[in-house]
Amino acid sequence: MSFSSRVKEELSKECNEPRHCCIAEISAIISMCGRVIFDENDCVSIKIHTENVTVARKYFTLLKKTYNINTDVAIRRNSNLNKSRTYVLSVNNDEIARKILMACRLMKPFGVIEENFSLTDGLVIQRECCKRAFIRGAFLAAGSVSDPVKTYHFEIVCLSEAKAKQLQMIMHTFDINARVIRRKKYYVVYVKDSSQVVDLLNIMGAYNALMDMENVRIVKDMRNRVNRKVNCETANINKTVSAAVKQIEDIRFIQASAAFDEMPEALQEIAELRVEYPEATLAELGQMLDTPVGKSGVNHRLKKINLFAEELRERYRQ
């Protein structure tokens, strides 16, 4: 089971919300994957189409709890190669269907429905808890979240820009910096920041998935820190080795030029130690001197040796 499926499975089992939150969640599910049908007698029915059994189960449970009705359920096997199933849940009673749509603010008085099938006003999401429920319903109906082991990506696919902007606005009330992008004929509300994806899981109530994702984030963070430290240490080692090689080249050149005795005794002493202990650090070399000095003192002497070697090279060029 994918991480996204596990999140939906967890959310589908949670149904202890107050009635107003259930209505907000029903509203989101109908808005994202529902259809309203008017027959020749102007009677209304609601149909929900989903390939996810967890969404079908949650919608069925919400309607049963909120309106004490049993929804008609039909299962269709798709004719494509993967032969996946589509679950169709129907509310065919005109009076109940209108009652649900009015309560969900998806239908205006006198049976008018907005063209984009969005909320007609914000009454159904006035409370913070109802906003959480609406985001949860939208995610169940048309959302997905990537496996955090691979990447961080949360998205909800909307059929219209108005729905996407509405959902984006609701997320913004929780300080979620959601963005909207057009993908073919759809509008996608998405979040890529790992901490904000965690916040969304918390908002929706997917606490087990949240803990799983936090564990992955901790492991990733530790691995990245270790990698950065190793890279830094490797770079320092390479830098130290390169410097040591250059220092030894200068000392060998001075010795070959028979000018070694021209240097002060302090420089001769550090030069001999550098050649004898090519892998030693500057601090270690400083402790080997007859009169120990610190790292900066050793570095100062080696720089003088380098300048002396450059002067010798300049003499030979002339």
Side-chain angles (χ1 to χ4, degrees), residues 1-14 21 24-25 27-29 31-33 50-52 54-55 58 116-119 122 125 128-232:
M1 183 183 291
S2 67
F3 182 74
S4 188
S5 297
R6 295 204 307 272
V7 174
K8 291 189 177 184
E9 180 72 22
E10 181 180 354
L11 294 177
S12 69
K13 293 177 180 177
E14 188 63 41
C21 291
E25 193 164 352
S27 176
I29 293 174
S31 177
M32 294 295 169
C33 62
T50 178
E51 294 183 358
N52 194 318
T54 59
V55 178
K58 184 66 179 287
N116 56 35
F117 206 27
S118 300
L119 299 180
I125 50 171
E128 181 180 302
C129 57
C130 293
K131 291 176 183 176
R132 292 173 181 268
F134 190 89
I135 295 173
R136 180 169 57 247
F139 174 77
L140 280 168
S144 64
V145 57
S146 299
D147 187 338
V149 173
K150 299 176 182 176
T151 186
Y152 301 112
H153 185 84
F154 177 102
E155 72 174 35
I156 297 176
V157 180
C158 303
L159 294 174
S160 69
E161 185 176 12
K163 287 184 186 181
K165 293 292 186 182
Q166 190 175 68
L167 186 58
Q168 182 187 39
M169 176 271 295
I170 296 171
M171 289 183 177
H172 280 176
T173 63
F174 294 99
D175 295 324
I176 301 296
N177 187 27
R179 299 180 181 276
V180 177
I181 187 174
R182 185 166 186 175
R183 186 186 296 162
K184 296 182 180 179
K185 62 179 181 179
Y186 302 106
Y187 291 85
V188 181
V189 183
Y190 71 94
V191 173
K192 284 186 173 292
D193 181 77
S194 61
S195 62
Q196 296 221 321
V197 174
V198 169
D199 290 341
L200 280 167
L201 293 177
N202 181 50
I203 288 166
M204 296 189 299
Y207 304 117
N208 292 333
L210 184 154
M211 293 304 298
D212 290 342
M213 185 169 179
E214 283 288 50
N215 289 336
V216 171
R217 287 180 69 201
I218 291 170
V219 172
K220 276 188 171 182
D221 184 56
M222 288 297 294
R223 187 183 295 121
N224 289 337
R225 287 185 183 182
V226 170
N227 287 339
R228 283 196 295 270
K229 188 173 182 179
V230 169
N231 291 338
C232 183

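Only heavy atoms go into these numbers, but all of them, side chains included; no hydrogens, no water, no symmetry mates.
- With a 4.5 Å cut-off on side-chain heavy atoms, Ile181 and Tyr187 do not count as touching.
- Surrounding CZ of Phe174 are more than 12 heavy atoms belonging to other residues, nucleotides or ligands, all under 6.0 Å away.
- For the pair Asp199/Asp175, no side-chain contact is recorded, criterion being any heavy-atom separation below 4.5 Å from C-beta on.
- Atom CD1 of residue Ile170 and atom CD1 of residue Ile203 lie 11.0 Å apart, to the nearest 0.5 angstrom.
- Side-chain contact check for Phe139 versus Met32: every heavy-atom pair is 4.5 Å or farther apart.
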Using side-chain contact (heavy atoms from CB on, under 4.5 Å), reason through Ser194 and Val198 one step at a time and then give a plain yes or no. CA-CA 6 Å; Ser194 61; Val198 169; 5.7 Å; no
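- Here the closest heavy-atom approach between residue Val189 and residue Cys158 is recorded as CG2-SG, 4.2 Å.
- Note: Leu200 CG to Met171 CE = 5.0 Å, rounded to the nearest 0.5 Å.
- In this structure, the side chains of Gln196 and Tyr152 stay at 4.5 Å or more apart for every pair of heavy atoms.
- Looking only at atom types and distance, the side chain of Asp193 has a donor-acceptor partner in the side chain of Ser195 under 3.5 Å away.
- Across every non-hydrogen atom of Lys8 and Thr54, the tightest pair is CB-OG1, 3.8 Å.
- Across Ile156 and Ile135, no two heavy atoms sit closer than the pair CD1-O, 4.3 Å.
- Salt-bridge formation is not detected for the pair Glu10/Arg6: no Lys NZ or Arg NE/NH1/NH2 atom is positioned less than 4.0 Å from an Asp or Glu carboxylate oxygen.
- Within the 4.5 Å cutoff, side-chain heavy atoms of Phe134 are placed close to those of Leu167.
- Here Ser4 contributes atom OG and Phe154 contributes atom CZ; the two are 8.5 Å apart, rounded to the nearest 0.5 Å.
- Atom OG of Ser146 sits about 7.0 Å away from atom NZ of Lys192, to the nearest 0.5 Å.
- Checked by atom type and distance alone, the side chain of Arg223 never pairs as donor or acceptor with a backbone atom of Arg225 at under 3.5 Å.
- Scanning all heavy atoms of the two residues, the minimum distance from Ala133 to Cys21 falls at CB-O, 3.3 Å.
- Shown here for Pro148 and Met213, the closest heavy-atom pair between the two residues is CB-CG, 3.8 Å.
- Here the shortest heavy-atom pairing between Ala206 and Val7 reads CB-CG1, 4.0 Å.
- In this structure, Asn227 CG and Lys229 NZ are separated by 12.5 Å, a value rounded to the nearest 0.5 Å.
- We find the CG-CZ distance between Leu210 and Arg217 to be 9.0 Å, quoted to the nearest 0.5 Å.
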